[in-house]
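Letters A, B, ... are given to chains in the order of the sequence lines, protein chains preceding strands, and every chain is numbered from 1.
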Amino acid sequence: MWFLQINRKYLKQFDWYMLSLLLAISIIGVMTIYSATRPVITTVQPNYYIKQMVWMLLGLAALLAAAIYDYSWLRNSAYLLYSMGLVMLVLVLFAGRRGMGAQRWLELGPVSFQPSELFRILLIIGISKYLSTIKGALTKWPFFISLMLFGLLPFVLILKQPHLGTGLVLLSTFFFLVIAKKIEKKILVTLIVVTLVVPTVAGKLVWRHLKDYQKNRIVAFIEPEADPKGIGYQIEQSKIAIGSGQVLGRGYLKGTQGPLRFLPEKHTDFIYCVFAEEWGFVGSAAIVALYLLLFLRGISTALKSKDEFGRYLALGLTFMLFLYFFINMGMVLGMMPVVGVPIPFMSYGGTTLVTNYIAIGILINIRMRRLALCY
Amino acid sequence: MNKEYFERYLSLTLFVVILVFFILAMRIYQLQILKGSDYRDAANSNKIRVITLPAARGIIYDRNNVPLVRNQAYYYASLMPETKNIDTAGLAALLKVDERKLIAKLKKGVSHRFKAIVLKDGLTFKDVAVIEARRSDFPGLMVEPNLTRRYMFNSIGSHVIGYLGRMTAKQMQSPDYDNITPETFVGQWAAEEFYDKVLRGAAGEKIIEVDALGRQLKLIGQTKPQMGNDVTLSIDIGLQEAAEKAFNGKTGALVAVNVRNGEVLALVSLPTFDPNDFVMGIETDKWNAMNKDKRHPLLNRALQSSYPPGSVFKPVVAIAALEEGIIDEYSSTQCNGVLEYGKHSFGCWKSHGSVSFHRAIVESCDVFFYEIGRKLGIERIEKYARLFGLGKSTGIGLRRGVDEKDGVMPSTRRKRRPSKKQWFLGETLNAAIGQGFVSVTPAQVAQMTAMIANEGIIMPITLLKDGNIDNPRKKLDIRPETFDAVKSALHGVVNEAGGTGKEARSNIVQISGKTGTAQVIAGRLKSEEQKQRYRDHAWFIAYAPSAKPEIAVAVIVEHGGHGGSVAAPIAKEVIEAYLQGKAGN
């Protein structure tokens, strides 16, 4: 039985540390979802937390699947996977179900899922493959091609849905990986100049394509006093919830801002506030530490990877997860605009959770096989 | 491959990540520890109120689109739950409520902290003005609107329309009433209850931040209420009113059906009640009076009471006999006023002499029916009764609040006796004239009458306009000659000399019908009081116009005595009112 042999060989190398961090954060997430969705008017506990647990189990299965087979198959079929991802994105534009004023969902029988979620991983696989096939630093043309194929094309498709948060995360991940590969100084300088100019000039162009709620969020951040539609209020309430946790918190299921009627997305984007109110500084700092350990593990995996493809893949996945975490934390702590990005592993949301589990599965895979060459 | 560059890049990344975490940790430290107590205060003084925005209930219309109900706004006074040190005596005086009850309400609190405690319902505009003027003396006191029902025709049709009320304990447990806030009124009787899901719509809610006086500072969010859907009933409120008046204070029930489509045009149960009394919670003395009333105004006699059909059962037995070949329309028998059978003698109400099939129905001769009943046997009587829908609830669609009765259609299999005694033939004879164990509801009898009038089209009666439009039309397998013979006799009952239903004879339309007298108890009665209490129920069934029937009516007057004299005029009045209404439209 060949796969049993493989299993035995790699079982020792399996990254239990990473899995434990992931499970710890996820379980805290489910507990917090339960608390956040406690009923205030009716007596019926909404079943969000049960759904999330089911998604967790599905995510674990996906994680194992992503970890078991040598990730070289991802490299071999990288472009095929990436093309499929692009096709899915285009399909969503035409056949997607509209949810929450945006077109991000694709119906697959009884399950509906957000292709842009799974696409995140496929994109990083595609970029990693491309970068690993190039020798030396990126010159003008390879850079231009990759910018078009892996940077702007998916960004435009995702922005059209519209999903600004994911679009920005993916574009940033692209640049992050390209620089990790090393590019010519000329291009780097141009890139920095463009990065500084684009937000001001092209910002106006983008502005027109933003949905009202996205505009409001940015306006509310830049000018909270203006507060056209009470969006700044959300940030204020988020800060109140976190701050009122003080040192030790109010205690589990005792958060008063918890079943926040203030925050419409209490169990998704603002789940951290609910946790911070109930567990105080001790809990908030502890969970942030768990995230830090998880990201450090990801970076170390990138460092130890046996090949160049694995290196970019590990770094890209870690960076993407980090960006989500960072944007979400910046938002709930009132340091950044409300971009509507969930916090990985904690926020309620099936597709996102499963996708993030797959990302961790791939990281475990890469780490497991880091010593493969020595056998 | 430039591993050295990559490692330097990773070191830089590591540095940035750690820096970011350091900044985040500092920010959390700042929020939770440095400013923690400020935010805790802010959280505790976050005064959030969830105000239910009542959904307008769908309107119930009669078949001519006359609205039978109206949504009516009223106001209620409530107090924010976090209000402290309230002057209860002053507040009780302002609201004109008992102070002790008020304190009890405040102590009991609310289901959750964002909802205000309702102190007084049903405020008038004057009350509202007085309270508003003094609101600043009572911080946290608020006045909010809610919607209730006004029943435009008061007691008329109340057994069909029903009424609203607060959710009962049982309803609160039921999944049908999920997501309904406790202050919402839901249907408690008849159409209001049966179609509650259709009518109710969905309440919205408004989440606001308020100041210490309970004034709105900020709208945090709101969902708009969604109006419920309308329901159009099959009843004609004008005819309903005429029918209720025709009873002239008597106790009883009436069901009038459109023969062509089974739609119920009027459904009367008397005495009745005014649904407006129930909406805001009925006053105790009114409730007690209603419960003590021996005539049970809350009972829907058309559906919930079953009576022996008496002679109105005879058309069905006659159809059975003709179809089974026991007799033909020329058969006759000798009636000496009594039929001796075994040790028992079965009486007829008079000695008819030689009676033909036709005259036996016209004059309602019992002996004739004893004879054919004996030959038919109870099984075949039961079979035909069931074909005409007797002994089974009609499923008319008011069954949740108003438990519709099945009645009893006896057979040898299901003799209703505690001991499983055998079926006696004598009991078959009683059943053949609609007495004994047979018992049916007025609604079933109306349905049966309509089926005779339309010559066997199977048509469940309905209380919804166009309620039968999707039902496939099926017909009973009964010969047209059979219906001809029976319908000719029913015409004779009203229009021939000696017919028992001559009181229903009308100058404006040819009516066919059948009288019935349902014995309450057998045997002779001594006192006058007993005579009244156990007087027979009077039945009359009718349809008109005889040649091309449009409307079928079943009437029962409790303890009315003979059907011909008491119930027949009521049926006639309703039929005439129906035709006049039609002409008027």
Requested in this report: Rounded to the nearest 0.5 Å, what's the gap from CD on A:E236 to OH on B:Y39? Could you check?
Outcome: 5.5 Å
Report summary line: Honestly, the part of A:Y291 sitting under 4.5 Å from a heavy atom of chain B is both
Requested in this report: May I ask you to check whether over 12 heavy atoms, not counting those of B:Y74, lie within 6.0 Å of atom OH?
Outcome: yes
Query raised in the report: Side chain, backbone, both or neither: which part of A:F295 has an atom under 4.5 Å from a heavy atom of chain B?
Result: side chain
Query raised in the report: Which bit of B:V17 is near chain A, if near means a heavy-atom gap under 4.5 Å: side chain, backbone, both or neither?
Result: both
**Report entry** More than 12 heavy atoms of other groups within 6.0 Å of B:E132 CD
**Finding:** yes
Query raised in the report: Please walk me through it: do A:K239 and B:K35 pass side chain to side chain contact (heavy atoms under 4.5 Å, CB included)?
Result: CA-CA 10 Å; A:K239 286 197 288 189; B:K35 292 193 197 162; over 6 Å; no
**Report entry** Within 6.0 Å of CZ in A:F326, more than 12 heavy atoms from elsewhere
**Finding:** no
Query raised in the report: Does OH belonging to A:Y252 count more than 12 external heavy atoms closer than 6.0 Å?
Result: yes
Report summary line: Under 4.5 Å to a heavy atom of chain B? For A:A137 that would be neither
Query - Over 12 foreign heavy atoms within 6.0 Å of OH, B:Y5 - result: yes
Query raised in the report: Non-hydrogen atoms of chain A under 4.5 Å away: do they reach the side chain of B:I33, the backbone, both or neither?
Result: side chain
Query raised in the report: OH/B:Y9 to CG/A:L315 distance, rounded to the nearest 0.5 angstrom?
Result: 7.0 Å
Report task. For the residue pair A:L333 and B:Q30, establish whether any side-chain heavy-atom pair is separated by less than 4.5 Å. Result -> no
Report task. Name the member of A:V247, A:V288, A:I242 that forms the most heavy-atom pairs with chain B at distances under 4.5 Å. Result -> A:I242
Query raised in the report: How far does CG of B:D38 sit from CD of A:Q246, to the nearest 0.5 angstrom?
Result: 9.0 Å
Report summary line: dist A:F322:CZ -> B:F21:CZ (nearest 0.5 Å) comes out at 6.0 Å
Query raised in the report: In terms of heavy-atom pairs under 4.5 Å with chain B, which of A:A180, A:A289, A:G245, A:A285 leads?
Result: A:A180
Report task. Might you point out which heavy atoms bring B:Q32 and A:S284 nearest each other, and give the distance in Å? Result -> OE1-OG, 3.0 Å
Query raised in the report: So how far is it from A:M329 CE to B:I28 CD1, rounded to the nearest 0.5 Å?
Result: 4.0 Å
**Report entry** Pick from A:I134, A:L292, A:L303, A:L296 with the largest number of heavy-atom pairs that fall under 4.5 Å of chain B
**Finding:** A:L292
**Report entry** B:R40 side chain to A:G243 backbone, donor-acceptor under 3.5 Å
**Finding:** no
Query raised in the report: How far does CD of A:E308 sit from CZ of B:F6, to the nearest 0.5 angstrom?
Result: 8.5 Å
